[in-house]
2 protein chains.
Amino acid sequence: MRASDKAYEALRTDIVEWRLRPGIILGEVEQAERLGVSRTPLREALARLTADGLAVAQRGRGVVVSDVSLEHVDDLFALRRALEVESARIAAGKADPQEFDSLRERFLQAGRSTGYKSREAYYQLAGELDESIDAAVDNRYIEQSLRSLRVHLARVRRLAQDDPGRLAASALEHAAIAGAIAAQNPEVAAAATQLHLHHSLEHIKNHAGPREDTE
Amino acid sequence: MRASDKAYEALRTDIVEWRLRPGIILGEVEQAERLGVSRTPLREALARLTADGLAVAQRGRGVVVSDVSLEHVDDLFALRRALEVESARIAAGKADPQEFDSLRERFLQAGRSTGYKSREAYYQLAGELDESIDAAVDNRYIEQSLRSLRVHLARVRRLAQDDPGRLAASALEHAAIAGAIAAQNPEVAAAATQLHLHHSLEHIKNHAGPREDTE
DNA sequence: AAGGACGTTTTTGTATACACTGGAGTCATG
DNA sequence: CATGACTCCAGTGTATACAAAAACGTCCTT
């Protein structure tokens with residue numbers, strides 16, 4: 001793996017997982033030494049982070065980790081609504097019914113087996129639905145915007161703790177989306193997606209606490 | 001201005017204006033010498049182009065200008081529909097009526113004064129509407145996605161020659177969008193945007209010819 | 001003659017040295 | 001005591017040298 005890729009992955013993970021907090025100055029020499037690479041590949045990594053919006057370049061002062069807070073969650077979800085509602089609509093017109101019916105079944109099952117350590121498995125299942133929708137939409141431009149969006153979303157998600165109850169409800173909402181796509185009903189798929197996003201946003205805003213300072 | 005910025009701007013302009021055609025290999029030493037910068041800032045420029053989607057990194061062969069053709073126009077407009085329809089909806093709920101009423105008047109006037117050299121002026125006016133909508137939406141995430149989208153759009157636009165008739169019709173559609181936002185009617189604004197995008201896409205697909213090879 | 005392997009050459013990837021800009025601290029002066 | 005300018009320094013921005021990897025051509029073998 002190239003050193004620049006390694007530096008990029010490391011920095012992006014550190015930012016998404018809040019080890020590098022918003023406002024932190026990413027000094028070139030400092031980070032290069034920390035990650036064991038030279039300044040050249042590190043600069044490339046910083047450029048990619050800036051392009052992602054995870055960092056912003058300050059003239060002369062280097063780049064700092066971009067700030068993100070609850071005020072931005074509304075904005076983030078506005079973009080998510082635009083992209084995912086349209087994606088669901090398009091997917092409903094082109095997707096393979098069997099694939100999404102299978103996903104629907106798995107979401108229903110995930111909704112029943114609440115609690116335990118099913119959280120990781122649920123996130124993976126949700127990721128699979130995203131991938132299936134992406135594949136059905138088959139649009140490189142939408143996919144690129146969605147990929148950028150999901151990075152920011154992962155960072156924001158850490159602001160809210162999700163409880164088992166929310167996970168079960170979310171599973172049912174996801175099952176509705178998958179079901180509507182399997183039924184090839186664009187408007188229902190769009191509505192189900194919008195509903196899911198609304199509930200998801202409400203949950204984040206109601207269950208958000210200031211992040212604990214211990215890692 | 002930094003050398004890396006200079007290289008980025010130059011390369012991006014060359015790609016958007018089809019001086020660097022899809023498939024062209026952007027060799028580092030070659031482009032560095034052509035633009036009068038060293039390889040280091042040029043590599044940063046190439047990284048940004050890749051992040052924009054204007055170029056793709058090919059293993060071992062360096063980066064090549066990404067291809068774009070009529071098959072991609074549908075995809076591009078799908079993303080445009082998702083972003084701009086939602087933007088119009090949001091803007092209609094928050095915008096200053098006077099500002100958009102003024103824009104509406106100017107579009108109506110531009111629609112009457114057809115022909116001549118009004119093409120440049122019209123493009124600038126359309127750009128002003130975009131900026132006003134961006135400012136009203138006030139959403140950094142949507143804005144970033146839109147900015148990326150518009151770069152690709154500018155490249156595709158060169159595929160179709162727009163005639164005065166289309167410009168006049170487009171002006172009326174833009175006036176309708178501005179008017180709906182000024183009236184603070186989200187659904188009408190969304191519908192007007194969707195209609196405009198539909199007509200715009202139809203025009204491109206009907207009036208597209210293979211690009212002439214002379215520059 | 002065709003296919004594979006090896007060597008050459010070109011190009012990318014990385015490191016480091018140097019220049020230049022922006023900032024902070026301090027000293028002098030009003 | 002406050003404010004301004006000057007100096008020093010930290011850190012970015014750029015260039016170049018070096019190393020590694022990959023693609024292409026050639027030669028040998030079957």
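Below, each value reflects all heavy atoms present in this structure, side chains not excepted, and no hydrogens, waters or symmetry copies.
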Exercise. Would you verify whether the NZ or CZ of B:Arg104 falls within 45 degrees of the ring axis of B:Phe107 while also being under 6.0 Å from that six-membered ring's centre?
Key: no
Practice problem: Could you tell me the separation between the CG atom of B:Leu83 and the CD atom of A:Glu86, rounded to the nearest 0.5 Å? | Solution: 9.5 Å
I'd like a list of close polar pairs between nucleotides 6-9 of chain C and the protein, N/O only, cut-off under 3.5 Å.
none

Quiz item: Would you call B:Arg106 and B:Glu128 a side-chain contact if the rule is heavy atoms closer than 4.5 Å?
Solution: yes
Quiz prompt | d(CD, B:Glu33; C1', D:dT14) in whole Å | solution = 16 Å
Quiz item: Taking the side chain as C-beta and beyond, is there a heavy-atom pair between A:Arg43 and A:Ser4 under 4.5 Å?
Solution: no
Self-check item: Atom-to-atom span, CG of B:Leu46 to P of C:dT11 - whole angstrom
Solution: 14 Å
Self-check item: Other residues, nucleotides, ligands: >12 heavy atoms within 6.0 Å of B:Gln98 CD
Solution: no
Exercise. For B:Arg81 and B:His198, run side-chain contact (heavy atoms from CB on, under 4.5 Å): C-alpha distance rounded to whole Å, both residues' side-chain angles, the deciding distance at 0.1 Å, then the answer.
Key: CA-CA 9 Å; B:Arg81 190 164 45 241; B:His198 174 74; over 6 Å; no
Practice problem: Could you run through nucleotides 12-21 of chain C and give me one letter per nucleotide, 5' to 3': B if any protein heavy atom sits under 4.0 Å from the base, S if only the sugar-phosphate is that close, - if neither? | Solution: BBBBBB---S
Quiz prompt | Whether B:His174 and B:Tyr122 hold their rings parallel, tilted or perpendicular, with breakpoints at 30° and 60° | solution = tilted
Quiz item: Is a donor on one side and an acceptor on the other found under 3.5 Å between the side chain of B:Glu173 and the backbone of B:Ala192?
Solution: no
